[in-house]
Amino acid sequence: MNLKQRDKAVNWHPYTQMKTAEDAIPIVKGKGVYLFDDEGKKYIDAVSSWWVTLHGHAHPYIAQRVSEQLNTLEQVIFAGFTHEPAIQLSENLLNLLPENQEKVFYSDNGSTAVEVALKMCIQHAYNQGKEKTKILAFKNAYHGDTFGAMSVSGRSIWTKPFGEMLFEVIFIDIPNAGNLENLKSQIKSYKEDIACFIYEPLVQGAAGMLMHKPEDLSELMKFCKTQNILLIQDEVFTGFGRTGKLFAADFLSEKPDIMCFSKGLTGGTMPMGITTCSQEIFNAFLSEDKYKTLFHGHSFTANPLACTAALASMELLLKKETLENINLISDKHLKFSEILNQHSQVENVRHIGTILAWDYKTDDGTSYFNDIGKALYEEFLSRGIVMRPLGNVMYLVPPYCITSEELDFIYRNILDVLDKFKI
Ligand SMILES: *Cc1c(COP(=O)(O)O)cnc(C)c1O
């Protein structure tokens with residue numbers, strides 16, 4: 001049996017209807033922006049392998065650092081023990097975050113980073129003898145696939161089978177200059193009970209790269225503070241340079257109480273999640289009473305290999321060449337967005353930093369299940385480009401090592417495909 005057949009016999013893939021899906025493409029090697037399949041065909045990874053790969057695949061520096069760590073200490077229980085990579089990573093990360101972020105809690109992925117953040121907020125109130133269980137989130141939000149993370153995500157076809165089992169959340173519109181006063185009065189009407197507000201800052205990724213303005217979000221954050229609502233800023237997608245600045249936080253005038261990270265954290269090398277918080281949050285758990293402990297932990301909490309990958313990735317991220325290339329991607333995206341804006345098949349072009357998205361004009365509106373998405377996906381694959389449209393929303397989220405020529409190759413193909421798929 002070949003790899004495709006063996007895969008089909010045993011593997012169940014994520015977000016995949018296994019009955020109708022095409023066979024998964026076996027990838028045997030990755031290098032820089034390219035992935036190579038078992039027949040030697042190469043693909044440009046224009047979506048950074050689900051938004052995680054920052055510096056390209058199989059980066060030699062990250063590989064070297066992880067390999068050294070692997071021969072030194074691969075794993076140790078993080079209750080009662082610690083290690084240099086976790087200490088150094090926490091120090092380095094906190095240095096880059098808004099200055100009110102003081103403590104780092106490790107977990108395994110974006111969803112668990114969100115679970116930890118929610119538990120911190122709910123128990124923050126509980127430990128002070130208050131009952132605050134309501135949570136505020138944006139409509140169409142996406143915060144992950146575990147039950148807590150699903151609950152604070154917009155209700156959709158993805159969450160439908162679990163509908164009754166998800167806890168109640170108050171969903172509000174994303175802010176704009178016109179609706180802020182309305183949002184404030186909605187929030188005010190619940191104020192006694194709301195423990196926290198969780199949001200994807202500036203870009204709602206999985207919803208289809210929907211964007212809002214920093215000044216509107218800042219104003220909403222500021223208002224939540226006046227209502228004693230804790231702020232959870234989910235930077236799982238936006239963190240580590242995606243938006244053109246190191247963090248979406250760098251665009252905002254208000255500081256969150258809690259932040260979540262994963263995806264680009266290790267440069268896409270190893271799974272890891274981080275939840276950071278302010279001293280005030282941390283202090284609410286300090287007590288002689290052991291029932292006030294944050295009872296949460298994962299077997300692989302602060303895995304030394306993942307911490308080392310993150311340290312190496314952050315070193316690469318802060319290099320002048322990387323920051324310059326992030327700017328180059330951003331500038332080129334901006335120029336290309338002007339071309340897309342002129343195209344009759346395209347609407348709602350949006351851009352921030354290394355993220356460029358637009359809607360492919362269709363009759364049946366925007367939906368994840370829009371068939372055009374599948375046709376476009378196949379077309380780009382045949383041209384050696386991995387893009388994964390969200391329904392009729394097309395987007396680019398390339399690794400930062402992509403060159404100007406490689407970007408031009410992708411842009412050229414996009415224009416070709418737009419002409420080919422004229423309605
Ligand atoms: C992807 C994502 C998550 C979930 O992360 P996983 O590692 O896939 O569990 C959470 N929040 C946001 C904003 C994301 O984009």
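Worth saying up front: this structure is predicted, and the values here are computed from it rather than measured. Both backbone and side-chain heavy atoms feed into the values below; hydrogens, waters and symmetry mates do not. Residue indices begin at 1 and follow the sequence shown. Order of listing sets the numbers, starting from 1, for every ligand and every atom in it.
Close contacts between ligand 1 and S111 involve ligand atoms 4 (C), 5 (O), 6 (P), 9 (O) [criterion: under 4.0 Å to a heavy atom]. Shown in contact with W51 at under 4.0 Å from a heavy atom are these atoms of ligand 1, numbered in order with element: 15 (O). Those atoms of ligand 1 with a heavy atom of F237 less than 4.0 angstrom away are 15 (O). The ligand atoms of ligand 1 that sit less than 4.0 angstrom from a heavy atom of G144 are 4 (C), 10 (C). Interface atoms of ligand 1 facing H143, defined by a heavy-atom separation under 4.0 Å, are 10 (C), 11 (N).
For F240 against F261, the heavy-atom pair with the smallest separation is CE1-CD2, 3.9 Å.
Side-chain N/O atoms of S90 and Y106 include a donor and acceptor closer than 3.5 Å. In summary, the side chains of T112 and S107 do present a donor paired with an acceptor at a separation below 3.5 Å, with no hydrogens or angles considered.
Every pair tested for side chain to side chain donor-acceptor pair (under 3.5 Å) that includes a residue from residues 159-171 fails, sequence neighbours excluded, so the list is empty.
Between G110 and ligand 1, at least one pair of N/O atoms sits closer than 3.5 Å. For ligand 1, one of its N or O atoms has an N or O atom of K263 under 3.5 Å away.
Distances from atom 9 (O) of ligand 1 to the protein include at least one heavy-atom value under 4.0 Å.
Counting only distance, with no hydrogens or angles, the side chain of H298 and the backbone of F300 share no donor-acceptor pair below 3.5 Å.
Of the protein's non-hydrogen atoms, the one nearest atom 13 (C) of ligand 1 is D234 OD2, 3.3 Å.
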Show me the donor-acceptor pairs within less than 3.5 Å that the side chains of residues 204-217 make with the rest of the protein, sequence neighbours left out.
unit_1 : atom_1 : unit_2 : atom_2 : d
Q204   : NE2    : K139   : O      : 3.1
H212   : NE2    : L202   : N      : 3.1

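Neither the backbone nor the side chain of W50 comes within 4.0 Å of ligand 1, counting heavy atoms alone.
Between K29 and D38, no side-chain nitrogen of the basic residue sits less than 4.0 Å from a carboxylate oxygen of the acidic one, so the salt-bridge criterion is not met.
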